[in-house]
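Beneath this line is the structure, given in structure tokens, with notes to follow.
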Amino acid sequence: MYGTLAGALSGRKIRFDRSTYTASVDGRIVGIGKTIRIESIALHYDLTIPPEDREATERALRVHPEGCPAHQSVKGAIKVIWDAQVHIGDEVILLASEGAV
């Protein structure tokens with residue numbers, strides 16, 4: 001999803017610094033008998049954008065899971081959520097998918 005979001009931002013001509021665009025991932029794994037199962041994945045993005053690109057960035061974040069092959073492959077079996085800390089000038093906003101805290 002990290003690469004898909006970068007592509008969505010680039011496709012919308014949103015200027016962002018690739019060296020400071022980061023993501024971390026948390027996963028929840030549960031035991032099932034003698035094996036394990038990935039129950040959920042949470043992605044946490046951090047990026048900086050120009051103020052004039054806020055609306056387009058919010059749209060890119062909302063739709064990027066639908067364009068991600070990995071997300072589409074696991075969405076029925078593994079809960080995938082995301083949140084994003086977006087730096088816009090002196091302001092920092094937090095955006096998140098449904099179900100994210």
Side-chain angles (χ1 to χ4, degrees):
M1 288 179 59
Y2 175 86
T4 300
L5 178 57
L9 296 169
S10 293
R12 289 170 172 78
K13 308 277 190 261
I14 297 168
R15 296 178 319 273
F16 67 101
D17 183 350
R18 289 183 181 267
S19 69
T20 61
Y21 166 52
T22 62
S24 61
V25 180
D26 295 315
R28 178 162 170 72
I29 298 172
V30 295
I32 306 280
K34 293 184 179 186
T35 190
I36 60 172
R37 177 180 172 284
I38 300 170
E39 185 175 77
S40 63
I41 299 169
L43 293 99
H44 311 284
Y45 298 112
D46 191 298
L47 69 146
T48 302
I49 60 161
E52 62 271 15
D53 291 331
R54 179 178 179 161
E55 192 174 308
T57 299
E58 289 180 12
R59 274 195 315 275
L61 281 160
R62 277 194 311 270
V63 302
H64 83 283
E66 295 307 312
C68 178
H71 180 264
Q72 292 303 308
S73 297
V74 302
K75 72 179 183 179
I78 301 171
K79 180 181 179 180
V80 179
I81 59 173
W82 60 266
D83 61 62
Q85 185 170 305
V86 183
H87 304 263
I88 307 169
D90 293 334
E91 183 181 9
V92 177
I93 61 169
L94 181 63
L95 302 169
S97 63
E98 287 188 33
V101 176

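Looking at residues two or more places apart in sequence or on another chain, you find a side chain to side chain contact (heavy atoms under 4.5 Å, CB included) between V92 and Q85, H87. Partners of Y2 under the side-chain hydrogen bond (donor to acceptor under 3.5 Å, both in side chains) rule, at least two apart in sequence or in another chain, do not exist in this structure. For A70, the side chain to side chain contact (heavy atoms under 4.5 Å, CB included) partners at least two apart in sequence or on another chain are C68.
The shortest non-hydrogen separation linking L47 to Y21 is CB-CD1, 3.8 Å. Between S10 and F16, the closest heavy-atom pair is OG-CE2, 3.8 Å.
Counting heavy atoms from C-beta on, the side chains of V86 and I49 come closer than 4.5 Å.
V63 and I14 are not part of a single hydrophobic cluster, where members link through side-chain heavy atoms under 4.5 Å apart.
Judged as a salt bridge (Lys or Arg N to Asp or Glu O under 4.0 Å), not a single pair has a partner in residues 41-50 (not counting sequence neighbours). Counting only residues at least two apart or on different chains, the ring-ring contact (aromatic ring centres under 6.0 Å, His included) pairs with a member in residues 34-60 are Y45-H64. Sorted by first and then second residue, the salt bridge (Lys or Arg N to Asp or Glu O under 4.0 Å) pairs involving residues 14-33 (not counting sequence neighbours) are R15-E52, R28-E39.
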Report all side-chain donor-acceptor pairs from residues 73-81 shorter than 3.5 Å, counting only partners two or more places apart or in another chain.
| residue | atom | partner | partner atom | Å |
| --- | --- | --- | --- | --- |
| S73 | OG | P69 | O | 2.8 |
| K75 | NZ | Q72 | OE1 | 3.0 |

For residues 54-61, dump all side-chain donor-acceptor pairs below 3.5 Å to protein atoms at least two apart in sequence or in another chain.
| residue | atom | partner | partner atom | Å |
| --- | --- | --- | --- | --- |
| R54 | NE | E58 | OE2 | 2.9 |
| E55 | OE2 | R59 | NH1 | 3.4 |
| T57 | OG1 | D53 | O | 2.8 |

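Here I32 is tied into one hydrophobic group with V30, each link being a pair of ILVMFWY side chains closer than 4.5 Å.
Surrounding CD1 of I93 are more than 12 heavy atoms belonging to other residues, nucleotides or ligands, all under 6.0 Å away.
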